[in-house]
There are 2 protein chains.
Amino acid sequence: MIRLSRKADYGLVALKALGGLPEGDSLSARELAERFHLPQDLTPKVMAKLVTAGMVEASMGKMGGYRLARDPADITVAEVVRILDGEQHIAPCQQGDLMGECSRLEGCEIKSPLDTLNAAVMNVLETMTLAQL
Amino acid sequence: MIRLSRKADYGLVALKALGGLPEGDSLSARELAERFHLPQDLTPKVMAKLVTAGMVEASMGKMGGYRLARDPADITVAEVVRILDGEQHIAPCQQGDLMGECSRLEGCEIKSPLDTLNAAVMNVLETMTLAQL
DNA sequence: TCAAGTCCGACCATCCAAGTCGCAGATTAG
DNA sequence: CTAATCTGCGACTTGGATGGTCGGACTTGA
């Protein structure tokens with residue numbers, strides 16, 4: 001099943017905060033953690049992933065901090081989840097290159113319904129943007 | 001965020017299998033595990049939870065096994081998730097009895113959007129029944 | 001220049017779910 | 001009655017996620 005971890009929560013909270021900032025302003029990891037009760041030492045790590053993904057820009061030095069690099073209306077929840085929780089392998093059967101063999105196993109026939117469920121959940125996450133939160 | 005564990009997967013697969021059974025038939029934990037590649041020793045535990053929840057009936061002894069106790073069209077995915085993954089505390093702020101104080105914290109104001117997201121996901125799970133899988 | 005404040009990366013500790021093992025209780029086949 | 005087979009229940013091990021610590025690099029302001 002799709003795995004939605006806590007890091008996704010932190011990331012969404014932080015992104016939402018950055019999205020509500022005036023143009024040019026930025027927030028440091030410490031400020032984000034204090035204001036929104038995120039784990040002090042985990043916040044920089046979450047932000048770092050968002051930076052390397054190109055969703056957030058970071059400026060170093062005193063007066064440094066993070067600011068959103070893209071339009072909040074263009075950022076989907078699914079994208080954030082993918083960045084922070086890793087790629088969601090919806091069909092674990094397809095590990096390796098033996099897809100043909102896999103499809104004949106009895107187990108996979110009953111697992112396809114789970115894919116339907118996953119698709120439905122992912123559809124919600126794909127549809128919802130940061131601006132809509 | 002909502003936590004969807006692997007046990008929910010196993011439970012749904014097993015329930016789906018039981019739902020497709022002729023009236024009066026049953027499947028043992030070993031059979032379920034072998035046919036659908038579920039962990040051998042974990043399957044009885046998952047089923048036990050479903051039994052105590054009244055969703056599945058178990059008969060002991062030789063020739064024993066599990067059979068569905070309710071109509072598949074009346075079992076929602078959300079209910080299965082609640083049974084196997086525990087109650088989803090959508091608002092972790094409400095721990096303790098100081099709800100009034102909590103609502104004044106700055107962090108909770110930004111967390112309410114996450115509730116919207118949770119509600120959207122839960123809505124999908126509430127809507128989808130076992131029969132629809 | 002210097003000091004303060006920030007991001008960045010690697011490493012270690014802790015916690016919890018996943019999975020395993022073993023034994024007791026219950027029921028049926030022979 | 002006996003043996004086989006199943007569920008039921010607890011304790012144990014393990015692996016991944018979570019959270020914390022430390023040192024290094026960079027930028028700003030005095």
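For B:T76, the side chain to side chain donor-acceptor pair (under 3.5 Å) test picks out no residue, with sequence neighbours left out. Residues forming a side-chain contact (heavy atoms from CB on, under 4.5 Å) with B:A53 (at least two apart in sequence, or on another chain): B:I83. Partners of B:V56 by side-chain contact (heavy atoms from CB on, under 4.5 Å), not counting sequence neighbours, listed by chain and number: B:L15, B:L18, B:M47, B:L50, B:V51, B:Y66, B:L68. Remark: A:S5 pairs with A:D85 by the side chain to side chain donor-acceptor pair (under 3.5 Å) rule, at least two apart or across chains. For A:Q40, there are no side chain to side chain donor-acceptor pair (under 3.5 Å) partners at least two apart in sequence or on another chain. When the side-chain contact (heavy atoms from CB on, under 4.5 Å) test is applied to B:N123, the partners found at least two apart in sequence or on another chain are B:T127.
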Can you name the atoms? Protein N/O to nucleotides 25-30 of chain D N/O, anything below 3.5 Å, with the distance.
{"from": "D:dT27", "atom 1": "O2", "to": "A:K62", "atom 2": "N", "distance (Å)": "3.2"}

Produce the list of close N/O pairs, under 3.5 Å, pairing protein atoms with atoms of nucleotides 9-16 of chain D; give distances to one decimal.
{"from": "D:dG10", "atom 1": "O6", "to": "B:K45", "atom 2": "NZ", "distance (Å)": "3.0"}
{"from": "D:dA11", "atom 1": "N6", "to": "B:K45", "atom 2": "NZ", "distance (Å)": "2.7"}

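For DNA chain C, the contact window with chain A, defined by any atom under 4.0 Å from a protein heavy atom, covers C:dG5 to C:dC11 in 5' to 3' order.
Put simply, CG on A:D9 is 10 Å from P on D:dG19, counting in whole angstrom units. Rounded to whole Å, the distance from CD on B:E31 to P on D:dC6 is 8 Å.
Within the structure, every pair that satisfies the salt bridge (Lys or Arg N to Asp or Glu O under 4.0 Å) test and touches residues 38-64 of chain B, not counting sequence neighbours, is listed here: B:E57-B:R67. Applying the salt bridge (Lys or Arg N to Asp or Glu O under 4.0 Å) test to every pair with at least one member in residues 20-31 of chain B, sequence neighbours left out, gives these pairs: B:R30-B:E34.
Phosphate proximity of D:dT18 to A:S5: present, with a side-chain N or O under 4.0 Å from OP1 or OP2. The shortest distance between the side-chain N/O atoms of A:Y10 and the OP1/OP2 oxygens of D:dT18 is not below 4.0 Å. Between B:R30 and the phosphate of D:dC6, there is a side-chain N or O to OP1/OP2 separation shorter than 4.0 Å.
If A:L42 and B:A58 are placed on DNA chain D by their nearest nucleotide, the residue sitting closer to the 5' end is B:A58.
Note: the hydrophobic cluster containing B:L32 does not contain B:M63 (ILVMFWY, side chain heavy atoms under 4.5 Å, direct or indirect links). In the hydrophobic clustering of ILVMFWY residues, with side-chain heavy atoms under 4.5 Å counting as a link, B:L27 and B:L133 come out together.
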Set out, in order, the CA-CA distance, both residues' side-chain angles and the distance that settles side-chain contact (heavy atoms from CB on, under 4.5 Å) for A:I75 and A:V80, then state yes or no. CA-CA 8 Å; A:I75 298 177; A:V80 178; 3.9 Å; yes
